Amino acid sequence: MNSTASATGPQTTTRTLADPDTPFAVVDVHKTLRNIERLQARADRLGVTLRPHVKTAKSLDVAALLHDGTPHCPVTVSTLAEAEAFADGGYTDITYAVGIDPHKLPRVIALLRRGVRLRVLLDSPEQAESVARAAQRAGLLIPAQIEIDCDGHRGGIEPDDPALTEIGRILHEAGCLDGVLAHAGESYFAYTAEEQRLAARRERDAAVAAAERLRATGLPVTTVSVGSTPTAHAVEDLTGVSELRAGNYVFFDLVMAGLAVCAIDDLALSVVVTVIGHRPEHGWVITDGGWMAMSRDRGTSVQAQDHGYGLVTDLDGNLLPDLVMTAASQEHGTLTARDGATLPDLPVGTRLRILPNHACATAAQHHGYHVIDSSRTADTAPVIQAVWPRITGW
């Protein structure tokens with residue numbers, strides 16, 4: 001490739017990962033596409049719609065890989081800023097999968113008036129009343145899903161909670177009841193394949209039970225939505241479910257690798273840093289990539305193998321054995337060798353890539369992605385194929 005596309009237009013000189021100032025985020029488009037195709041094939045086999053959660057990448061360019069570039073793919077978002085940005089990009093089928101704050105309903109209504117089918121999420125009669133009142137005042141319907149608690153991880157109500165039918169009735173009378181949604185957040189702590197299958201089964205069973213209970217009282221349920229990255233890759237039966245959600249799978253990360261949901265070679269996101277110093281008396285290599293580049297997420301600390309703030313590769317993506325980013329301050333990262341291992345010779349100026357614990361958190365630290373394609377070989381450092389901006393703001 002003899003030019004590099006960017007957010008500001010084409011550039012005439014080829015750039016590689018050896019060129020931009022560090023730290024910066026890198027997305028491997030080859031691995032991203034492979035990850036996308038894997039879960040899409042599973043959703044197709046299970047007979048459900050896949051509704052990707054775009055909070056991980058927060059990028060129209062990455063989302064375009066999900067559907068061959070035409071914005072007809074249903075998506076999930078975690079902020080209204082994401083919903084607005086994806087609506088600007090042509091997406092019209094969006095689920096806002098965080099419990100609705102009534103104060104935000106005017107922004108929801110504005111999107112609905114633009115022709116975007118934006119679903120909101122709630123788990124209390126108070127929220128349902130707010131949605132019903134706002135819909136009545138606006139003279140339109142606000143599609144709403146009831147969040148179902150399938151594992152005690154966070155929000156939602158249990159399928160047998162008396163409030164379920166009360167909430168459903170309030171929404172139905174306003175014409176706003178769309179369905180139910182469950183998220184198996186505890187699956188991120190399911191360390192075996194069997195535990196992940198059980199988490200997926202509980203997630204499905206809770207959502208389907210809630211939908212059946214609502215229907216038994218005469219309330220229509222159109223959507224039964226489930227999903228997390230671990231359960232989406234473990235689930236074997238989605239009878240009664242209409243759609244599957246996941247987001248982390250697009251990039252994957254060390255937490256997912258620690259759960260054996262993916263292999264380390266599947267990780268599509270990394271951060272390029274530069275060696276800026278050494279403390280041989282401590283066995284430290286110092287880089288210019290601290291927690292502002294990687295985030296403070298230490299998700300692997302509760303797994304069998306703690307990877308600190310991330311594993312280290314060379315610029316071509318080859319793992320440097322037993323080298324770990326074990327400490328971080330704001331702009332400094334500390335690399336050390338695991339017990340008994342020899343610290344590699346990494347002179348000042350050496351560029352490295354750090355694989356993150358949590359792709360969503362690391363991606364959020366950066367304005368965009370330098371894109372490479374690991375299926376292409378090069379005599380130099382990996383060639384930057386494009387620069388894709390992230391959606392920023394709240």
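Computed from a predicted structure; not experimentally measured.
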Does one side chain, of Gln365 or Ser295, offer a donor that lies under 3.5 Å from an acceptor on the other? no
Do Ile391 and Val250 belong together in a cluster built from hydrophobic side chains that touch within less than 4.5 Å? yes
Other members of the hydrophobic cluster containing Met292, with the 4.5 Å side-chain heavy-atom rule, please. Trp291
Classify the angle between the aromatic ring planes of Tyr91 and Phe86 as parallel (below 30°), tilted (30 to 60°) or perpendicular (above 60°). perpendicular
Take Gln196 and Ser187 through the side-chain hydrogen bond (donor to acceptor under 3.5 Å, both in side chains) test and state the conclusion after the steps. CA-CA 6 Å; Gln196 290 163 22; Ser187 65; over 6 Å; no
Does atom CG of Asp21 have more than 12 heavy-atom neighbours from other groups under 6.0 Å away? no
Cluster companions of Leu335 among Ile, Leu, Val, Met, Phe, Trp, Tyr (side-chain spacing under 4.5 Å): Val271, Val273, Val275, Val285, Met294, Tyr309, Val312, Leu320, Leu323, Met325, Leu343, Leu346, Leu352, Ile354
Which distance, rounded to the nearest 0.5 Å, do you find between the CD of Glu147 and the CG of Asp123? 5.5 Å
Nearest heavy-atom pair of Ile109 and Ala134: which atoms, and what distance? CD1-O, 4.0 Å
Please determine, by modelled atom types, if Asp373 and Gln385 share a side-chain donor-acceptor pair under 3.5 angstrom. no
Is the backbone of Tyr191 close enough, under 3.5 Å, to the side chain of Glu195 for a donor and an acceptor to pair up by distance? yes
Should the pair Glu82-Lys58 be classified as a salt bridge under the 4.0 Å nitrogen-to-oxygen rule? yes
Quick check, are the ring centers of His358 and Tyr188 under 6.0 angstrom apart? no
For the backbone of Pro321 and the side chain of Arg338, can you confirm whether one donor and one acceptor N or O come within less than 3.5 Å of each other? no
Main chain of Gly227, side chain of Arg51: is a donor-acceptor contact present, judged purely on distance under 3.5 Å? no
Looking at His103, I'd like to know if its NE2 atom is crowded, meaning that more than 12 non-hydrogen atoms belonging to other residues, nucleotides or ligands lie closer than 6.0 Å. no
Could you see if Leu46 belongs to whatever hydrophobic cluster contains Leu198? Use Ile, Leu, Val, Met, Phe, Trp, Tyr and a side-chain cutoff under 4.5 Å. no
If you define the side chain from C-beta out and look only at heavy atoms, does anything of Cys73 sit under 4.5 Å from Pro52? yes
Contacts of Arg197 that satisfy salt bridge (Lys or Arg N to Asp or Glu O under 4.0 Å) - sequence neighbours left out: Glu194, Glu236
Which residue, Asn357, Asn248, Thr229, forms the side chain to side chain donor-acceptor pair (under 3.5 Å) with Asp253? Asn248
How far apart are the C-alpha atoms of Arg107 and Asp101, what are their side-chain angles, what is the distance that settles it, and do they pass the salt bridge (Lys or Arg N to Asp or Glu O under 4.0 Å) test? CA-CA 11 Å; Arg107 292 171 72 185; Asp101 166 11; over 6 Å; no
Give me the ring orientation class for Phe24 and His370: parallel if the planes are under 30° apart, tilted from 30 to 60°, perpendicular past 60°. tilted
So CZ of Arg353 and CG of Leu267: to nearest 0.5 Å the spacing works out to 10.5 Å
Is it true that Asp288 and Thr22 share a donor-acceptor pair across their side chains at a distance under 3.5 Å? yes
Please answer whether the main-chain N or O of Asp237 pairs with a side-chain N or O of Arg204 as donor and acceptor at a distance below 3.5 Å. yes
Are Leu315 and Val348 connected in the hydrophobic side-chain network, where two residues link if heavy atoms are under 4.5 Å apart? no
Could you tell me whether a side-chain N or O of Thr287 sits under 3.5 Å from a main-chain N or O of Gly289, the two making a donor and an acceptor? yes
Does the pair Thr326 and Thr336 meet the rule for a side-chain hydrogen bond (donor to acceptor under 3.5 Å, both in side chains), with working shown? CA-CA 6 Å; Thr326 50; Thr336 62; 3.0 Å; yes
How far apart are the C-alpha atoms of Arg117 and Asp93, what are their side-chain angles, what is the distance that settles it, and do they pass the salt bridge (Lys or Arg N to Asp or Glu O under 4.0 Å) test? CA-CA 5 Å; Arg117 182 168 177 78; Asp93 186 353; 5.7 Å; no
Other than Leu181, what residues sit in its cluster of Ile, Leu, Val, Met, Phe, Trp and Tyr side chains whose heavy atoms are under 4.5 Å apart, directly or through others? Leu121
Could you report the tightest heavy-atom contact between Val75 and Val54, atom names first, then the distance? CG1-CG1, 3.9 Å
Measuring from atom CD of Glu243 to atom OG1 of Thr222, what distance do you get when rounded to the nearest 0.5 angstrom? 11.0 Å
Do Leu141 and Val180 sit in the same hydrophobic cluster, where Ile, Leu, Val, Met, Phe, Trp and Tyr count as joined when their side-chain heavy atoms come under 4.5 Å apart? no
Could you list the donor-acceptor pairs under 3.5 angstrom formed by side chains in residues 152-167, with sequence neighbours left out?
from   : atom 1 : to     : atom 2 : distance (Å)
His153 : ND1    : Glu186 : OE2    : 2.8
Asp161 : OD1    : Ala163 : N      : 2.8
Thr165 : OG1    : Pro162 : O      : 3.4

Is the backbone N or O of Val116 less than 3.5 Å from a side-chain atom of Thr92, with the two atoms forming a donor-acceptor pair by type? no
Validation row: His233, Arg38 side chains within 4.5 angstrom (heavy atoms): yes
Between Val226 and Leu238, is there a side-chain heavy-atom distance shorter than 4.5 Å? yes
Check whether Ile170 and Ile146 end up in the same hydrophobic cluster, where Ile, Leu, Val, Met, Phe, Trp and Tyr are linked by side-chain heavy atoms less than 4.5 Å apart. no
Would Ser130 and Glu126 count as having a side-chain donor-acceptor pair, cut-off 3.5 Å? no
Check whether Asp149 reaches the backbone of Asp151 with its side chain - one donor and one acceptor, N or O, closer than 3.5 Å. yes
Atom pair SG (Cys262) and CZ (Phe251), whose distance is rounded to the nearest 0.5 Å: 13.5 Å
Under the salt bridge (Lys or Arg N to Asp or Glu O under 4.0 Å) criterion, do Asp314 and Arg351 qualify, and how do the steps go? CA-CA 7 Å; Asp314 63 18; Arg351 290 200 168 197; over 6 Å; no
Within a strict 4.5 Å, meaning less than it, do heavy atoms of the Ile384 and Val371 side chains meet? no
Asp306/Ser301 under side-chain hydrogen bond (donor to acceptor under 3.5 Å, both in side chains): CA gap, chis, key distance, verdict: CA-CA 5 Å; Asp306 184 359; Ser301 64; 5.5 Å; no
So, Ser228 side chain and Thr231 main chain: donor-acceptor pair closer than 3.5 Å or not? yes
Members sharing Trp284's hydrophobic cluster, built from side-chain contacts under 4.5 Å between Ile, Leu, Val, Met, Phe, Trp and Tyr, are Ile276, Ile286
Donor-acceptor pair, distance only, cut-off 3.5 Å: does the side chain of Asp28 make one with the backbone of Ser374? yes
When you measure from the side chain of His367 to the backbone of Arg390, do you find a donor-acceptor pair of N or O atoms at a distance under 3.5 Å? no
Quick one: pull up SG in Cys176 and CD in Gln136 and give me the separation to the nearest 0.5 Å. 10.0 Å
Side-chain heavy atoms of Pro143 within contact of Thr223, under 4.5 Å: no
Would you check if Val120 and Val131 make a side-chain contact, meaning some heavy-atom pair closer than 4.5 Å? yes
When rounded to the nearest 0.5 angstrom, what is the spacing between CG in Asp266 and CE in Met256? 12.5 Å
Are any of the side-chain heavy atoms of Leu80 and Val108 separated by less than 4.5 Å? yes
Polar contact flag, side-chain donor to acceptor under 3.5 angstrom, Gln127-Ser124: yes
Do Asp322 and Asp339 have side chains that approach each other closer than 4.5 Å (heavy atoms only, starting at C-beta)? no
